[in-house]
Amino acid sequence: LSRIINALLLQKGKAVLSTIEMSSKQIKSVRRQKGLLSNSGNDYDAIGHLVLPGLIDCHNHLFGSGFKDLSMNLRSTKSIAEFKERIARYVQNHQADERTWIIGGGWDQDLFSEKRYPDRTDIDGIIPVKPALLTRICGHIALLNSKAIEKMDFLGRFDSDLVPRRADGSPIGIVKESALEECWKRVPPPTVEELSRVLDAVQRKALKLGLVGVHCILSSDWKNELAAMEQLDKKDRLDLKLFIFIPISCLPEIEAMSSATRRRMLNGKNYRVIGFKLFSDGSFGARTAALRSPYSDDPGNSGVLLSNSTEVTQYARRVKKLKMVLATHAIGDRAILEVAKGYREAGINAKDGFRIEHCSLVDATAIRKLKEIIISVQPSFATSDYWINDRLGEKRKAYTWKSLGRACKLVGGSDSPVEDMNPFKGICAATQNPLKSERLDFSEALELYSTKAATVSKLTRRVGKISKGYDANLIVLDIDDPKKFCEAKSEQIYFHGNKLL
Ligand SMILES: [Zn+2]
């Protein structure tokens with residue numbers, strides 16, 4: 001049994017000094033203190049600092065997050081010389097990597113003092129043996145080294161717009177758009193072993209951020225990703241609790257399985273495939289989120305509706321029959337209404353746990369149609385999308401969390417690797433909504449990642465609170481007042497009663 005004294009806990013909005021006793025499994029007791037206790041030496045001492053329960057991220061592309069951490073980051077490189085230097089440093093530090101390709105990205109020739117595209121001769125000397133593919137910041141253009149060009153025997157099919165060439169006809173190493181898409185097909189997909197190493201690294205990172213559960217959206221490579229989870233889980237090395245969504249395109253395959261096969265394939269000790277991810281529109285950034293009236297900065301364009309209510313209804317019925325959950329990506333007001341209608345016509349109600357991911361633009365009338373739906377928001381969007389008023393104009397308001405939270409069950413997530421997976425950043429962003437009337441206070445923001453997230457994860461009475469019988473997962477911050485949260489760092493992390501940080 002271990003004890004943490006002088007822990008400042010938030011109880012019904014009030015801060016209370018407490019002593020927490022825990023075993024490796026559970027919190028055994030939480031007792032109120034009269035004042036600060038002196039440390040006998042046998043206890044952990046939180047010295048009056050705020051202590052939070054372990055948190056859950058309800059929207060994360062965990063493998064994408066892991067690969068982003070491992071791949072070469074060339075963002076904000078200021079010159080070709082620095083570009084070369086950073087590549088050389090990465091190659092030096094990753095000599096032991098078994099990956100057969102070197103993948104990186106984030107460069108932008110407009111930021112280079114030379115104002116030119118890099119070419120293969122800039123990097124051939126630094127990456128002479130392995131093939132390399134380094135994407136431009138936009139993801140639509142990449143640089144290949146000569147070893148990679150050797151593998152791309154199809155480049156001759158593309159004209160010099162997409163594959164620029166030297167006077168002698170040889171590619172300079174830049175590939176664009178459809179030529180780049182072809183190149184990606186030649187990059188071998190990661191093996192299950194690689195995926196499980198990536199997952200292990202990213203789960204260590206998540207645990208150190210205070211996360212104990214993650215809702216994880218798998219890619220089209222979901223079978224291998226699931227196999228990687230199973231591999232870790234079987235070795236008892238999957239510590240994070242994972243709740244998985246797989247692409248809707250695999251619905252027929254799941255339906256065709258016997259229920260025994262389905263149960264075996266979709267469930268482990270610490271992971272569970274809970275549902276399917278469907279897209280009903282795109283994003284504000286690309287002006288593809290489906291709106292009821294056109295974009296303010298593109299009057300002919302109202303975005304792209306990818307699934308209408310009829311399609312949503314059909315999917316919803318099939319998913320409900322499997323006793324699984326549908327999580328539909330909907331950002332624009334038109335898409336959100338189509339999804340709500342689709343769910344309603346399929347007879348979906350609150351206990352089915354169906355979700356809308358993002359749910360960025362809704363007015364008060366629309367919000368009333370969302371009562372039976374779990375709304376999964378990513379508060380960091382509101383602080384990143386500084387251009388949102390250009391897209392939507394002055395009248396339409398996105399990220400109306402306070403209003404949504406009054407009517408619906410709201411949960412929070414990061415959308416990492418698009419945004420930082422640190423849950424503190426999400427909680428802070430929810431309290432700092434540029435739209436002041438829609439700001440959440442600290443306790444409300446915390447609930448999105450604690451009690452409410454625990455309910456949708458079916459971890460009620462285990463995660464989300466610091467209370468007797470709950471899992472022994474705690475985050476000790478370096479602040480003694482929740483108002484200072486946005487500057488806070490974690491001082492100590494306890495996971496299953498053990499000090500992790
Ligand atoms: Zn996402």
Side-chain angles (χ1 to χ4, degrees), residues 1-10 18-30 39 41-58 60 62 65-66 69-70 196-216 229 232-233 235-243 268-271 412-414 416 420-428 446 449-450 453-454 457 459 462-480 485 487-501:
L1 222 58
S2 48
R3 237 160 59 121
I4 302 182
I5 58 167
N6 301 324
L8 194 70
L9 303 186
L10 274 185
S18 307
T19 297
I20 304 163
E21 265 188 329
M22 57 189 178
S23 69
S24 63
K25 276 215 177 82
Q26 294 187 322
I27 294 172
K28 292 292 182 190
S29 71
V30 180
N39 194 350
N42 297 323
D43 301 321
Y44 293 117
D45 195 341
I47 56 170
H49 285 173
L50 187 64
V51 179
L52 304 179
L55 303 172
I56 297 175
D57 180 347
C58 289
N60 192 318
L62 212 46
S65 311
D69 291 343
L70 288 183
S196 88
R197 271 196 300 277
V198 167
L199 178 62
D200 199 20
V202 78
Q203 80 158 334
R204 296 292 139 218
K205 174 179 169 181
L207 289 165
K208 284 187 182 154
L209 290 170
L211 290 167
V212 296
V214 170
H215 291 230
C216 173
M229 287 177 187
L232 279 188
D233 197 45
K235 293 182 202 153
D236 276 323
R237 277 177 40 216
L238 190 63
D239 292 320
L240 267 185
K241 293 204 184 317
L242 299 180
F243 307 88
K269 280 187 295 246
N270 265 342
Y271 68 90
S414 64
S416 169
D420 195 319
M421 78 156 87
N422 185 345
F424 292 14
K425 297 220 168 136
I427 294 167
C428 171
L446 179 64
Y449 298 79
S450 57
S457 312
L459 290 171
R462 287 195 54 194
V463 173
K465 270 193 201 174
I466 300 173
S467 201
K468 189 180 168 186
Y470 278 69
D471 291 0
N473 304 323
L474 303 171
I475 307 168
V476 182
L477 300 177
D478 61 352
I479 51 168
D480 51 16
F485 182 77
E487 283 76 51
K489 296 214 163 33
S490 50
E491 274 182 341
Q492 302 167 33
I493 303 264
Y494 295 87
F495 183 68
H496 292 174
N498 293 314
K499 199 157 178 272
L500 205 70
L501 190 89

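Counting from 1, the numbers follow the sequence of the chain as shown. No experiment lies behind these values; they were computed from the predicted model shown.
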Between CG on residue L52 and CZ on residue F424, distance to nearest 0.5 Å | 6.0 Å
Assess whether atom NZ of K241 is packed by more than 12 heavy atoms of other residues, nucleotides or ligands within 6.0 Å.
-> yes
Quick one: do K25 and D471 make a salt bridge, cutoff under 4.0 Å?
-> no
So, D43 side chain and D45 main chain: donor-acceptor pair closer than 3.5 Å or not?
-> no
If you measure from CD1 on I427 to CG on L55, what distance do you get to the nearest 0.5 Å?
-> 5.0 Å
Specify the closest pair of heavy atoms between G413 and Y449, including all atoms of both residues, with the distance to one decimal.
-> O-OH, 3.4 Å
Distance from E21 atom CD to L1 atom CG, nearest 0.5 Å?
-> 5.0 Å
Output yes when a side-chain donor or acceptor of N270 lies under 3.5 Å from a complementary backbone atom of L238, and no otherwise.
-> yes
Let me know which of Q203, R204, H496 forms a side-chain hydrogen bond (donor to acceptor under 3.5 Å, both in side chains) with D239.
-> R204
So OG of S457 and CG of L242: to nearest 0.5 Å the spacing works out to 11.0 Å
Apply salt bridge (charged side-chain N to carboxylate O under 4.0 Å, His left out) to D233 and K269, showing your working.
-> CA-CA 7 Å; D233 197 45; K269 280 187 295 246; 5.1 Å; no
Determine, using ring centers only, whether Y271 and F243 are less than 6.0 Å apart.
-> no
Using a strict cut-off of less than 4.0 Å between a Lys/Arg side-chain nitrogen and an Asp/Glu carboxylate oxygen, indicate whether K489 and D478 qualify as a salt bridge.
-> no
OG (S416) and CG (L62) are apart, to the nearest 0.5 Å, by 7.5 Å
Under the side-chain hydrogen bond (donor to acceptor under 3.5 Å, both in side chains) criterion, do S65 and N60 qualify, and how do the steps go?
-> CA-CA 8 Å; S65 311; N60 192 318; 3.0 Å; yes
Criterion side-chain contact (heavy atoms from CB on, under 4.5 Å) on L474 and M22, from CA distance to verdict | CA-CA 10 Å; L474 303 171; M22 57 189 178; 3.8 Å; yes
Between D57 (side chain) and S414 (backbone), is there a donor-acceptor pair under 3.5 Å?
-> yes
